[in-house]
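Report on the structure given below.
Numbers restart at 1 for each chain; the letters A, B, ... are given by sequence-line order, proteins then strands. The model shown is predicted, which means the values in this text are computed figures rather than measured ones. All heavy atoms count here, side chains included; hydrogens, waters and symmetry mates do not.
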Amino acid sequence: VTSYGVAPERDWNALGNEEFRALVRSDFEQHYPAHLRYPSRRLLWSEQDDWYLRMARKGWIAPSWPVEFGGMGLAPAKLLIFLEEQERWGIARFQDHGIRMIGPVLIRYGTPAQQRRLLPPILRCEQRYCQGYSEPEAGSDLAGLRTTATPDGADWVVEGTKIWTTMAHDVTHMFLLARTGSVGAKQAQISFFLLDLATPGVTIRKIRDMAGEEELCEVFLDRVRIPGDNLVGAVNQGWTVAKSVLGFERIHVGSPALPTSGLRLLEQVAGARGLADDTAFTDQIAGLRLDVAHLTAVYEEFAVRLERGEELGPDVSMLKLWATETFQRIADLVIEVAGPAGGSAGAVELGGELVPVLSAYYRAKPSTIYGGSSEVQRNIIAKQVLKLPSA
Amino acid sequence: MPEAAGAALADADSELDELLADLASVVRSVLADNPGARSATGAPPGPDRARWRRYAELGWLSLLVDAERGGAGADERAAAVVARGMGAACRREPFVAAGVMVPRCLTGLADSAPVRALLAEVTEGDTLAVLAWQSERGECDTRVVAENLPVEARPDGDGLVLSGSVSWVPTGAADAYLVAARHAGEIALVRVDRGTGGMTVAPQRAADGTHWARLDLDGVRLPGSAVLGSGTAARDALNSAIDTGTLLCAAELLGLIDRMLELTLSYLSTRRQFGRPIGSFQALRHRAVDLWVQQRLTSAALHSALRQVCSGGVGPDTLALAASSAKSRASSAALRVGNEAVQLHGAIGFTDEYELGGYVNRALVLAAWLGNARAHTRRHGRLAAEVAASAEYRRAAS
């Protein structure tokens with residue numbers, strides 16, 4: 001055992017890529033519960049805690065973290081393989097922002113005391129985080145956020161409202177951005193805090209979405225006290241902290257996993273509807289397969305750049321654009337080929353199987369909105385990649 | 001793969017990348033005197049021969065010929081650099097048709113004196129030769145087999161007689177045509193020189209000012225030595241040449257996309273209306289981004305296809321899938337970028353005075369040649385299903 005968690009069984013990076021892939025694949029195939037594969041909605045923690053607690057005990061819960069902090073210490077290529085294998089086997093993600101974002105943030109910006117206090121419970125999945133960025137009046141214009149944090153003794157007092165916080169009702173903590181200054185650029189007045197959601201003054205309201213699921217929340221913060229040592233990074237440096245951890249995340253959100261899952265559903269529905277030999281349909285799906293294949297080709301180019309240790313530039317935004325918009329085209333075609341079943345909620349019997357026809361549609365719809373809408377991604381590319389003039 | 005071997009490969013890769021970057025800069029400087037693209041009218045009947053010989057001297061016409069046969073011993077990645085440069089400069093010489101497909105076809109045939117002779121003439125730039133195999137339908141949805149060929153070869157003493165019409169020949173200004181003919185149920189590749197009695201070359205103007213040709217062969221008598229190859233070797237060489245040409249046509253289309261996008265971004269940045277650069281309007285910025293996305297997709301599709309094709313020991317299915325994948329994307333992207341580029345420029349984009357129109361015309365020709373986006377999307381879908389089914393069959397059988 002390292003001071004933070006379980007010591008790795010071996011030096012994963014010493015293995016060849018394909019050897020590592022085979023090892024991870026066989027573990028997932030042998031141990032992941034079959035009934036949890038490819039869920040059509042986000043699972044609650046209580047539905048999948050057995051699996052992730054096993055990963056925690058095995059030392060596989062934090063594949064990207066360095067070994068000295070209790071992670072697997074995977075190099076970028078190995079990390080992509082690990083994530084690809086999770087996706088290939090249809091393994092559900094839990095609300096893992098603690099692993100994916102807060103760990104890397106604390107390792108880079110946290111004090112040694114913060115690291116010792118906050119990393120182990122994340123590794124044990126006792127503390128699970130949601131993201132408190134968006135607000136009712138600050139969506140695409142995130143830097144215009146209004147939540148304030150005011151110093152009071154050793155604490156900060158936070159006042160405001162966060163919204164679109166995914167699964168806030170099913171986690172223990174939230175990381176949030178709040179305004180702590182009033183001079184200079186809007187981005188230079190923001191700080192980064194960690195909040196225990198059990199703190200008095202926190203109210204969570206679930207928001208039912210158009211799919212009928214309750215995954216999104218609104219979180220009201222009414223004079224909520226956050227201890228001073230839960231400020232991460234320097235005061236008014238929160239924007240930098242928030243952006244710095246997006247590096248790897250930005251490639252992952254544009255992975256071919258979602259559209260590939262859409263193609264699987266499309267084949268299933270088309271097969272059940274007897275369209276497998278319909279030329280109009282086979283032409284359409286052949287085109288969509290190429291759209292996904294070429295997404296994969298671009299994705300691999302970015303992966304190679306990561307592997308060489310390069311920082312990814314703003315051009316990585318195209319991955320999210322093309323992945324999510326392709327996913328939507330696929331989901332739209334699923335509905336079209338489903339015929340009358342295209343309006344069926346939940347799973348419907350098609351060709352002797354229960355098929356969740358609208359599941360791709362409901363997953364695709366918000367994907368062009370969350371994590372920076374398609375319009376925001378296009379703004380980023382126009383300005384930072386194409387260098388088009390502003391007015 | 002052990003890490004050490006991986007590292008060695010990475011070194012080899014970066015060495016190759018450097019060589020290709022050097023080649024790209026040579027291509028750019030050689031083609032920098034580009035007189036610019038011009039429209040369908042007033043173009044010369046065929047390529048400038050002095051320029052074509054210059055390409056030969058630079059080794060561009062023998063990139064796919066190995067060193068033992070007097071070639072440069074490079075591979076498709078190098079040919080793609082040249083093709084992309086041709087596209088970016090809107091050169092209309094038949095580099096892919098005559099400089100890639102014919103050498104690739106000839107090196108796939110059994111070695112013989114007539115094959116060696118033509119290969120030498122072609123790679124030295126003395127003879128401009130192109131393949132001729134398509135019927136008027138111009139099908140590209142399957143691999144070429146003898147029964148689909150529109151020309152028939154009948155034996156005639158020591159020689160043979162060709163009859164039939166072959167369409168979509170990429171230039172009517174060639175010195176020699178390599179005609180694929182049905183011959184006793186197999187494919188024969190036959191050399192027919194310009195001016196041979198019984199052959200009429202019917203030109204058809206193409207949008208970019210070049211000419212397609214239809215060859216009408218009416219009892220063309222040829223000696224046995226005109227047959228350069230036959231049987232399965234000829235079939236495989238022909239199909240490999242067509243798929244290689246298809247892949248490199250995608251590279252040339254990418255070159256067109258490169259320049260059309262460059263022109264459009266520059267126009268959006270400099271053209272002012274309503275007191276501001278038009279590239280500051282969000283509606284136009286977002287459309288420009290979508291064109292750039294198409295460029296990135298085409299580039300990634302092409303380079304992924306090239307990596308597969310150049311990875312050694314590649315079978316015909318891999319080559320065909322790679323070629324269709326790249327050509328499908330490049331054809332649709334080039335037309336989309338061309339259409340949008342004209343619209344984003346406004347009226348000037350539609351004129352013959354500005355260079356954009358010439359690129360769009362060239363894109364129309366290359367997108368259609370060797371199978372357009374729809375044809376290759378369909379072919380890719382069918383082939384991928386066949387390959388998956390046969391893998392399934394092998395698994396079940398074993």
Side-chain angles (χ1 to χ4, degrees), chain A residues 11 13-20 75 77 267 276-277 279-302 304 307-308 314-322 325-326 374-391, chain B residues 1-6 10 13-14 261 264-265 268-270 272 274-282 284-305 307-308 321 324-326 328-329 332-333 373-385:
Chain A
D11 178 3
N13 294 322
L15 298 179
N17 284 346
E18 290 316 307
E19 191 183 351
F20 177 69
E267 284 163 22
D277 296 317
T279 310
F281 172 72
T282 53
D283 280 354
Q284 276 178 302
I285 193 172
L288 290 168
R289 283 209 188 91
L290 284 176
D291 286 345
V292 177
H294 298 159
L295 167 68
T296 307
V298 180
Y299 178 78
E300 283 168 354
E301 290 183 355
F302 283 108
V304 166
E307 173 77 332
R308 289 186 188 143
D315 55 337
V316 76
S317 279
M318 87 152 278
L319 282 180
K320 179 175 190 277
L321 257 189
W322 189 252
E325 295 184 0
T326 299
S374 289
E375 289 68 25
V376 167
Q377 306 298 339
R378 285 190 170 84
N379 287 347
I380 291 170
I381 294 169
K383 183 177 176 188
Q384 298 182 35
V385 181
L386 305 185
K387 314 270 188 217
L388 287 170
S390 43
Chain B
M1 182 195 313
E3 292 291 318
D13 272 357
S14 68
L261 183 61
T264 304
L265 293 176
L268 288 172
S269 299
T270 50
R272 296 178 70 88
F274 308 104
R276 52 199 276 204
I278 59 173
S280 65
F281 293 106
Q282 193 181 43
L284 304 193
R285 293 163 78 87
H286 284 191
R287 285 167 69 175
V289 168
D290 288 338
L291 303 188
W292 172 81
V293 166
Q294 289 297 317
Q295 182 198 36
R296 283 297 296 265
L297 286 171
T298 307
S299 167
L302 173 70
H303 288 103
S304 160
R307 261 195 313 281
Q308 289 166 46
L321 281 167
S324 281
S325 169
S328 165
R329 175 64 56 193
S332 70
R374 175 200 280 260
H376 278 290
T377 301
R378 179 175 291 181
R379 188 172 89 136
H380 190 273
R382 285 191 183 163
L383 263 174

Counting heavy-atom pairs closer than 4.5 Å to chain B, which one of A/Thr279, A/Asp315, A/Thr282 comes out on top? A/Asp315
On a heavy-atom basis, which atom in A/Pro389 and which in B/Arg285 lie closest, and how many Å separate them? O-NH1, 2.6 Å
Donor-acceptor check, side chain of B/Ser325 to backbone of B/Leu321, threshold 3.5 angstrom: yes or no? no
Select, from A/Glu301, A/Arg378, A/Gln377, A/Met318, the one with the greatest count of heavy-atom pairs under 4.5 Å involving chain B. A/Arg378
Among B/Gln282, B/Arg276, B/Arg378, B/Arg374, residue most engaged with chain A (heavy-atom pairs, under 4.5 Å): B/Arg378
Examine whether an atom of B/His286 lies under 4.5 Å from a heavy atom of chain A, and if so say whether it belongs to the side chain, the backbone or both; otherwise answer neither. both
In this structure, are over 12 heavy atoms from other groups packed under 6.0 Å from A/Asp11 atom CG? yes
Is A/Phe302 close to chain B through its backbone or its side chain, or both, or neither, when contacts mean heavy atoms under 4.5 Å? side chain
Apply side chain to side chain contact (heavy atoms under 4.5 Å, CB included) to residues A/Val385 and B/Trp292 and explain how you reach the verdict. CA-CA 10 Å; A/Val385 181; B/Trp292 172 81; 3.8 Å; yes
Between A/His294 and B/Ser304, is any side-chain donor less than 3.5 angstrom from a side-chain acceptor? no
Does the B/Arg329 side chain pair with the main chain of B/Ser299, one donor and one acceptor, at a distance under 3.5 Å? no
Answer with side chain, backbone, both or neither: which region of A/Glu375 has an atom nearer than 4.5 Å to a non-hydrogen atom of chain B? both
Could you have a look at A/Leu295, A/Asp291, A/Leu321 and say which one has the most heavy-atom pairs with chain B under 4.5 angstrom? A/Asp291
Given heavy-atom pairs under 4.5 angstrom as the criterion, report whether the side chain, backbone, both or neither of B/Ser328 touches chain A. side chain
